[in-house]
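One structure is given below, encoded as structure tokens.
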Amino acid sequence: MVSIKNAVSEKMVGKTVQVRGWVYRTRSSGGIAFVVMRDSTGIAQVTVKKGSVPDEDFVSATDNGIESSAIVEGTVAEDKRAPGGYEIRASRFILVGKAEPFPITEYQSTELLLDLRHLWIRSREQTAIMRIKDSLLRGARNWFHENDYTEVTPPIITGVAAEDSTSLFQIKYFDRIAFLSQSAQFYLESLIFSCDKVWALTPSFRAEKSRTPRHLAEFWHLEMEAAWLTNEENMQVQEQMVTAMLHNVADECPDELAMFKRDPAALKKIVPPFDRMPYGEAMQYLQGKGFDMSWGDDLGAVEERELTKDRTIPMFVVNYPKELKPFYMKENPDDPRTYKNSDLLAPEGFGEIIGGSERETDNELILERLREKGEPLENYSWYLDLRRYGSVPHSGFGLGTERIVTWICGLDHIRDAIPFPRTVSRVFP
Ligand code: 4AD
Ligand code: MG
């Protein structure tokens with residue numbers, strides 16, 4: 001039993017193999033059937049000749065239907081006409097699960113494909129996206145492990161707003177209310193006092209009303225927090241970790257990347273350090289490009305596209321004005337209008353993939369900012385405790401894993417970077 005990718009290769013020519021998979025397409029004429037089979041690794045043409053297989057197998061090969069599952073046994077041979085240049089000449093074709101007429105045919109609307117997502121995720125494109133995501137995450141996981149970070153498991157149900165309290169999902173929690181986590185940050189901040197350097201991959205939830213091609217209501221958030229880390233060191237961690245992710249996917253997934261016209265060699269050229277551009281400078285650059293904006297205006301998708309469209313390597317925008325960012329960030333002593341923070345923007349016009357900062361350690365400042373926002377202080381008492389018992393300077397960040405996948409694969413919409421997207425209009429399937 002071998003994978004399809006391994007079966008149809010030079011070294012297997014003349015050998016007998018057994019593969020398992022699903023019918024990708026099928027064509028038969030007279031005494032011969034050409035069944036293209038797929039598994040997670042690729043596709044292969046299987047030639048089934050009447051007389052070369054038991055009679056019932058020949059019937060199975062000619063009368064099955066797309067997405068039927070089957071076990072095939074045969075000999076690998078070179079054939080210029082087959083996709084990939086090799087085929088399997090069957091001695092057995094055993095149908096395991098005959099498929100009803102498959103509801104997805106060649107040209108389908110986006111809405112229909114979303115309704116049939118549980119079936120559409122079998123497509124070669126979706127399979128490649130999932131493999132690319134898997135590989136990117138392994139690159140990050142290996143990097144954290146090699147650099148002595150501890151993977152931790154923060155809660156998803158929480159009582160606090162970690163980011164914008166207007167985008168909280170509220171849930172009934174026994175006889176009170178609670179929220180779905182927007183970020184594990186506050187729990188990671190707590191855990192640095194036991195483990196020094198921690199990271200976690202968790203779902204984060206944002207009730208974002210706006211329908212944009214880069215926002216999901218549920219996304220997988222890769223977050224890091226470390227004691228003693230300055231904002232500059234925090235950016236060094238980001239550029240090293242992102243580089244490790246990109247190099248890992250370049251090594252592991254050249255075929256999948258090729259499906260999205262992404263050159264692995266170009267990914268290998270991305271190495272630290274990434275440029276750091278202060279917010280004030282970004283503002284001047286945009287004004288120079290004719291953008292009608294001034295200090296304090298946020299950088300949205302359009303502005304980030306302008307800043308990154310001619311770049312091939314990610315860049316940091318640093319030191320945003322305080323009014324644009326959450327209460328927990330550390331004031332920048334060099335310009336107290338701003339925080340010691342950074343957003344990492346992916347190149348080619350893509351924009352934000354990471355948000356990070358050094359954290360405020362002065363409880364008076366934190367309380368002042370929470371009061372200004374009208375937040376219920378009692379919910380944050382435990383967070384304030386962290387500053388009362390052996391406080392240390394610390395920093396961290398959060399990477400949106402679907403954002404980096406969307407960028408790498410050049411997808412039009414972030415919903416294709418997650419198998420079952422959750423958006424304003426969709427929780428089915
Ligand atoms: O910039 P954000 O909101 O920062 C935080 O949540 C911090 N607490 C992270 C931290 O310091 N631990 O979100 C971080 C990243 C963004 O840069 C973006 O990539 C992604 O999470 N993100 C989303 N991805 C998909 N859909 C959404 N609605 C997202 N909101 C944020
Ligand atoms: Mg952000």
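As the structure is a prediction and not an experimental result, all values here were calculated from the model. Ligands are counted one by one from 1 in listed order, and the atoms in each one are counted from 1 as well.
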Assess, by modelled atom type and distance only, whether the side chains of S123 and Q126 contain a donor and an acceptor separated by less than 3.5 Å.
no
- Identify whether NZ of Lys or CZ of Arg in R387 sits under 6.0 Å from the centre of the six-membered ring of Y389 and within 45° of that ring's axis. no
Open item on the list: I'd like to know if the side chain of N319 reaches the main chain of Y339, judged simply by a donor and an acceptor atom lying under 3.5 Å from each other, with no hydrogens or angles considered.
Closed with: yes
Checklist entry - When the ring centroid of F327 is compared with that of Y380, is the distance short of 6.0 Å? => result yes
query: Would R359 and S357 count as having a side-chain donor-acceptor pair, cut-off 3.5 Å?
result: yes
Handout entry: Salt bridge flag under 4.0 Å for residues E368 and K373
Key = no
**Asked** Stepwise, does the ring pair (Phe, Tyr, Trp, His ring centres under 6.0 Å) test hold for Y149 with W199?
**Response** CA-CA 7 Å; Y149 281 75; W199 74 280; 8.7 Å; no
Note on the Mg ion (ligand 2): protein N/O/S atoms within less than 2.8 Å are E352 OE2
- request: For the pair K340 and D334, find out whether any cationic side-chain nitrogen is under 4.0 Å from an anionic carboxylate oxygen.
  value: no
- [ ] Please state whether the rings of W382 and Y187 are parallel, tilted or perpendicular, taking 30° and 60° as the class boundaries.
- [x] parallel
Distance filter under 4.0 Å, heavy atoms only, around ligand 1 gives E163, S183, Q185, R206, E208, R214, H215, L216, F219, H221, E223, Y328, E352, I353, I354, G355, R359, G396, F397, G398, G400, R403, I414
